[in-house]
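For reference, the structure is listed below as structure tokens.
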Amino acid sequence: MQDRPLALPHVFHRAEQYFGHKPLVTAEVDGERTTTIAEWAERVRRLATVLDTLDVSADGRVGTFGWNTARHLELYMAAPCSGRVLHTLNIRLFPEQLVYIANHAEDEVVFVDRSLLPLLWPLVDRFETVRHYVVIDDGADVPVPDDPRVHDYEALLAAATPFAGDFVVADENTAAAMCYTSGTTGNPKGVVYSHRSAVLHALITLIADGAALSEHDVVMPVVPMFHANAWGLPYGCLLAGSSIVFPGPNMTPQAVARLLERHRVTVTGGVPTIWMGMLPLLADHDLTPLRTILCGGSAVPRALSESYREAIGVPMLHAWGMTETSPIATMSVLRSHHAELAEAERADLRARQGQPVPLVDLRLVDPGTGEIQPWDDVTSGEIQAAGPWIAAEYYRGEGGGAQFTEDGWLRTGDVAAVDRYGSVRLVDRTKDLIKSGGEWIGSVELENEIMAHPKVAEAAVIAIPHEKWVERPLACVVVKPGETLTAEEVIAHLEPRVAKWWLPDAVEFIDEVPKTSVGKFSKKTLREKFGGYQVPGQTPVT
Ligand code: ADP
């Protein structure tokens, strides 16, 4: 067979050649902007020469700091097709993390949505390698700094000559894109996607026993384009020829529901928090064309999926993965042998994380002994993953060699039981992190801040379930002998030290933090103790 590279230029040329008439819609601050794939492709060609004009190195990192927009999709293609590496910066990270990441990746240019300038601009003097800031004007009423490093996106495109001919990336193992993921402790770690992994992963969004993206679809990725390449949906859509609707900066449930209805969206994807927020609005919107809601990033509550099924006939398509797995690793799709089951049992199955998609291998391993565990749906162990779009290491081999086994599998830090058909059911997490609304909160960092309080002897922070955010932090605090401390004082102490959305929802005072046999905090014991924890005044989790 011919040895042809699996590379993104193929995806670009395919979209340009066959799907030029298909629309790309972006919701902006002051209305909607509609273009076609043909116009988009011409702009991608211009953007590729803009990167040359800006003197971005042949394999330089191109940072983006943006919402989900068609212009972000231009960067998604122009950077990798011209040999550069797309680096999507997560707009929700703390300033220190952003500075670390941009410097670690050695971003040479950052493309920033005008509405996000207030978040980015205060940091630029700490970015050591960025030479240019290109402002994408999304209509926001935000001043653009008068600075020689600042350029206007549209002005650069207008002045550029479109790259002519075919884009070529000869080696499919060349880096195409990168994303950083939070570490439990220490610095974020970079995951680098290759052209090969991006193309193969895009194909997976097309499989029938999955999201099944096709040319007939209108797809709205609500999951941010800075979260593991929006779960591969943008590249998948270009490969399939689907129309795309980008929600832009307004991600309120009302705005999302309006877009789904107005554009007759058939496939969408986002974290559970988005869909929880939209639940009360379902009755007021005609979402008849919608057939698939891809949902993951956190466990999808059974009740949420069922509420959607009852209201609009579409349950969530539950998927599991992580930045290191590109991210799609499993999808919960009912099989032929489930056809006769009662609806309640089918709902139970849909609440599982699901079976590995083709080309992904999983195994269940006892974290203590390293022994492979049986798939009996009872025995639990850590899920390890292997496959062509699963990371083999972190960028520059840093920060987490321990996360890869000697025989080349990724330790996911997720604990699961697996049934005999390979369906994964997550039961716990070994990584010390809390996932709130799809974003990570570092429990260890919170603990360290609390333990810095002079009256605190020990503190452990665990996740408790939350109706909207899925998980929220609970601080378990041990006060020093002879001292008194209130929950309000703990929160007041944290306020200047951590982001507002990191503040624990509740503080519990305990006599001692339970320890493991080697003297580490036993979060497992705490999680068991506070399993059904109910924060006073909050909606109970069903
Ligand atoms: P993403 O950008 O896809 O959220 P991250 O790398 O930030 O990826 O987070 C991955 C982690 O999120 C997983 O290891 C797991 O702990 C959690 N997660 C992702 N999907 C699910 C799911 N469907 N159910 C439970 N936890 C999930």
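Counting starts at 1 for both ligands and their atoms, following the listed order.
- Those atoms of ligand 1 that come under 4.0 Å of a heavy atom in Arg429, given as number and element, are 16 (O).
- Looking at Ser298, Ala299, Cys295, Gly297, it is Gly297 that brings a heavy atom closest to atom 17 (C) of ligand 1.
- The ligand atoms of ligand 1 that sit less than 4.0 angstrom from a heavy atom of Gly321 are 10 (C), 11 (C), 13 (C), 19 (C), 20 (N).
- Not less than 6.0 angstrom separates the ring centroid of His72 from the ring centroid of Phe226.
- A donor-acceptor contact closer than 3.5 angstrom links the side chains of Ser115 and Trp67.
- Of the candidates Gly354, Ala230, Ala319, it is Ala319 that places a heavy atom closest to atom 23 (N) of ligand 1.
- Taking every non-hydrogen atom of Leu426 and a distance limit under 4.0 Å, the qualifying atoms of ligand 1 come out as 25 (C), 26 (N).
- Within the 4.0 Å heavy-atom shell around ligand 1 one does not find Glu439.
- Taking the six-membered ring where the residue is Trp, the centroids of Tyr180 and Tyr100 are separated by 6.0 Å or more.
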Next on the checklist: Using side-chain contact (heavy atoms from CB on, under 4.5 Å), reason through Thr266 and Leu290 one step at a time and then give a plain yes or no.
Outcome noted: CA-CA 4 Å; Thr266 58; Leu290 192 60; 5.8 Å; no

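- Within ligand 1, the atoms closer than 4.0 Å to a non-hydrogen atom of Trp231 are 3 (O), numbered from 1 in the order shown.
- Numbered from 1 in the order shown, with element, the atoms of ligand 1 that lie under 4.0 Å from a heavy atom of Gln353 read 22 (C), 23 (N), 24 (N), 25 (C).
- Residue-ligand proximity, Thr323 to ligand 1, at heavy-atom distances under 4.0 Å covers atoms 2 (O), 5 (P), 6 (O), 7 (O), 8 (O).
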